[in-house]
Amino acid sequence: MGGGFISFEFAHFAARLGEGGQELTILEVSERPLGPFDGEMVSLLMDASRDEGIQVRTGIQIAAIEKHASGLTVQMTGGELLTADLVVNGAGRVPNLEDLALEAGGIDHSRRGIGVDAGMRTSNPRVFAVGDCAATIQLARVADYEGLVAARNILAELGLNEGARVDYGAVPAVLFTYPQYGMVGMTEDALKQQNIPYKKIFGEKLGWPTYRRVGLKHAAYKILVGSDNRILGAHFLSDCASGLVNTLKQAMLNGTSVQDLYWQNIMSPYPTRESDLIYMLKPLL
Ligand SMILES: Cc1cc2nc3c(=O)[nH]c(=O)nc-3n(C[C@H](O)[C@H](O)[C@H](O)COP(=O)(O)OP(=O)(O)OC[C@H]3O[C@@H](n4cnc5c(N)ncnc54)[C@H](O)[C@@H]3O)c2cc1C
């Protein structure tokens with residue numbers, strides 16, 4: 001249930017269990033799964049998922065799930081029935097705020113979490129919120145980052161430190177599917193929506209030796225660059241996307257131009273996934 005990153009990770013994990021041959025279906029309510037990720041890259045990941053025996057169905061509303069002696073029945077709105085041995089709920093997480101008496105503390109919150117400013121301060125200036133309970137991005141290292149920002153601001157009030165503000169402009173994320181989908185920064189869809197001019201370099205079904213050697217058919221990349229030659233967003237389908245994403249994250253945080261990034265990566269150890277970066281960036285030189 002749900003076409004978010006947790007469902008995709010569980011589906012790819014389940015596809016590799018036992019003898020294989022299991023039928024896996026992701027049921028997503030929206031018109032496309034993985035909403036915050038790049039639409040074009042998501043459709044490539046869906047192709048790869050199909051090859052693993054994972055079916056992705058969109059625009060599906062689940063009305064009920066019933067347990068029987070022989071398994072489970074998922075009933076969709078409209079009456080269609082699907083039988084399954086196992087149903088996994090990946091339809092999103094909500095912060096566990098009910099027992100915190102937030103109203104008594106004058107702390108504004110919604111179903112998405114506790115509202116905070118860029119210093120992680122809530123509507124009650126004496127209270128800070130960080131991590132999954134805050135209405136921000138729900139990722140492990142984002143929680144750590146927010147915690148450090150809050151701590152700095154608490155110490156700043158005591159005159160012991162400089163204050164700090166969060167910047168979510170270069171938050172990396174990796175979906176642990178096969179191939180992995182790693183992204184940092186903006187999606188092409190968001191750039192279009194916000195009318196931000198960009199150049200795009202894109203490649204799919206990459207036949208570079210790094211991927212040919214391991215037989216990966218669905219490797220792909222998309223790098224989005226602004227009119228100042230700085231990186232706006234980067235997206236990779238790779239068997240090991242983290243190094244690429246981290247390299248691009250550093251470039252974004254440091255404001256590195258694509259030309260400098262090319263030169264700085266000529267000596268990336270070969271044949272790692274990162275050593276392919278110069279092939280990607282070359283058209284932008
Ligand atoms: C299946 C799954 C896969 C994920 N994969 C990734 C991933 O690959 N990469 C990534 O970056 N993030 C991933 N995440 C998200 C990541 O786990 C969270 O963003 C991160 O754990 C948030 O940290 P946190 O400290 O805010 O909350 P948590 O890690 O949830 O910690 C909160 C703690 O507070 C305790 N607690 C709750 N209420 C109270 C209370 N009233 N009093 C005292 N203690 C309380 C809880 O028991 C818990 O121990 C994943 C999440 C899930 C569910």
Side-chain angles (χ1 to χ4, degrees), residues 1-12 15 24-62 90-93 112 136-139 142 168-206 211 216-227 230-239 241-242 244-245 248-249 251-252 258 273 276-277 280-281 283-284:
M1 283 171 59
F5 79 89
I6 290 172
S7 287
F8 268 80
E9 288 176 350
F10 268 86
H12 277 257
L24 297 150
T25 310
I26 293 176
L27 302 173
E28 164 59 37
V29 67
S30 317
E31 286 314 305
R32 81 160 174 92
L34 296 169
F37 294 83
D38 186 278
E40 189 174 24
M41 298 300 282
V42 167
S43 67
L44 297 179
L45 180 61
M46 281 165 68
D47 293 342
S49 303
R50 243 170 255 125
D51 281 1
E52 301 289 340
I54 301 164
Q55 205 196 341
V56 182
R57 294 185 55 188
T58 55
I60 299 287
Q61 293 248 7
I62 296 170
R93 295 176 286 144
R112 278 199 59 230
T136 58
I137 302 169
Q138 292 185 323
L139 285 173
V142 172
Y168 298 113
V171 175
V174 175
L175 242 91
F176 294 97
T177 46
Y178 190 83
Q180 297 174 354
Y181 173 8
M183 74 162 272
V184 59
M186 296 186 80
T187 62
E188 191 174 358
D189 319 86
L191 290 171
K192 281 184 185 154
Q193 268 163 20
Q194 294 175 39
N195 285 321
I196 298 173
Y198 64 92
K199 286 177 274 186
K200 164 181 169 179
I201 42 172
F202 171 81
E204 62 174 314
K205 298 191 170 50
L206 305 175
Y211 297 119
L216 179 60
K217 287 188 271 167
H218 293 280
Y221 68 89
K222 179 191 280 196
I223 301 178
L224 303 158
V225 177
S227 40
R230 304 288 191 277
I231 311 291
L232 295 170
H235 305 262
F236 304 99
L237 288 185
S238 168
D239 57 333
S242 56
L244 284 163
V245 169
L248 272 288
K249 180 206 72 178
M252 289 181 76
V258 278
R273 308 301 176 258
D276 292 332
L277 194 54
M280 304 180 205
L281 296 175
L284 290 168

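- Among residues two or more places apart in sequence or in another chain, the salt bridge (charged side-chain N to carboxylate O under 4.0 Å, His left out) test is passed with Arg230 by none.
- Put simply, the side chain of Arg93 reaches to within 4.5 Å of the side chain of Gln138, judged on heavy atoms.
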Open item on the list: Please determine whether side-chain contact (heavy atoms from CB on, under 4.5 Å) holds for the pair Arg32 and Asp189, giving the CA-CA distance in whole Å, both sets of side-chain angles, and the decisive distance to 0.1 Å.
Closed with: CA-CA 13 Å; Arg32 81 160 174 92; Asp189 319 86; 4.1 Å; yes

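- In this view, Phe8 satisfies the ring pair (Phe, Tyr, Trp, His ring centres under 6.0 Å) rule with no residue, not counting sequence neighbours.
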TODO: Any chance you could lay out the side-chain contact (heavy atoms from CB on, under 4.5 Å) test for Leu224 and Met186, step after step, and finish with the verdict?
DONE: CA-CA 8 Å; Leu224 303 158; Met186 296 186 80; 5.6 Å; no

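- Taking Arg50 as the reference, Asp47 meet the side-chain hydrogen bond (donor to acceptor under 3.5 Å, both in side chains) condition, with sequence neighbours excluded.
- With values rounded to the nearest 0.5 angstrom, Lys205 atom NZ is found 11.5 Å from Leu216 atom CG.
- Annotation: side chain to side chain contact (heavy atoms under 4.5 Å, CB included) contacts of Gln61 (sequence neighbours excluded): Val29, Thr77.
- Asp51 is linked by a side-chain hydrogen bond (donor to acceptor under 3.5 Å, both in side chains) to His218, counting only residues two or more places apart in sequence or in another chain.
- Under the salt bridge (charged side-chain N to carboxylate O under 4.0 Å, His left out) criterion, Asp38 pairs with Lys222, not counting sequence neighbours.
- Evaluation of the salt bridge (charged side-chain N to carboxylate O under 4.0 Å, His left out) rule for Arg112 yields no partner, not counting sequence neighbours.
- Every side-chain hydrogen bond (donor to acceptor under 3.5 Å, both in side chains) that Ser238 has, sequence neighbours left out, goes to Tyr211.
- In this structure Lys199 satisfies the salt bridge (charged side-chain N to carboxylate O under 4.0 Å, His left out) test with no other residue, sequence neighbours excluded.
- Every side chain to side chain contact (heavy atoms under 4.5 Å, CB included) that Val184 has, sequence neighbours left out, goes to Ala170, Pro172, Ala234, Val245, Leu248, Lys249, Met252.
- For residues 31-61, the set of pairs meeting the ring-ring contact (aromatic ring centres under 6.0 Å, His included) definition, not counting sequence neighbours, comprises Phe37-Tyr181.
- No side-chain donor-acceptor contact under 3.5 Å links His235 and Thr187.
- Contact record, Ser49 with His12: OG-NE2, 3.0 Å, taken as the closest heavy-atom pair.
- No side-chain donor-acceptor contact under 3.5 Å links Arg273 to the backbone of Asp276.
- The salt bridge (charged side-chain N to carboxylate O under 4.0 Å, His left out) pairs that include a residue from residues 169-180 number zero, where partners must be two or more places apart or lie in different chains.
- Between Thr177 and Glu9, the closest heavy-atom pair is CG2-N, 4.1 Å.
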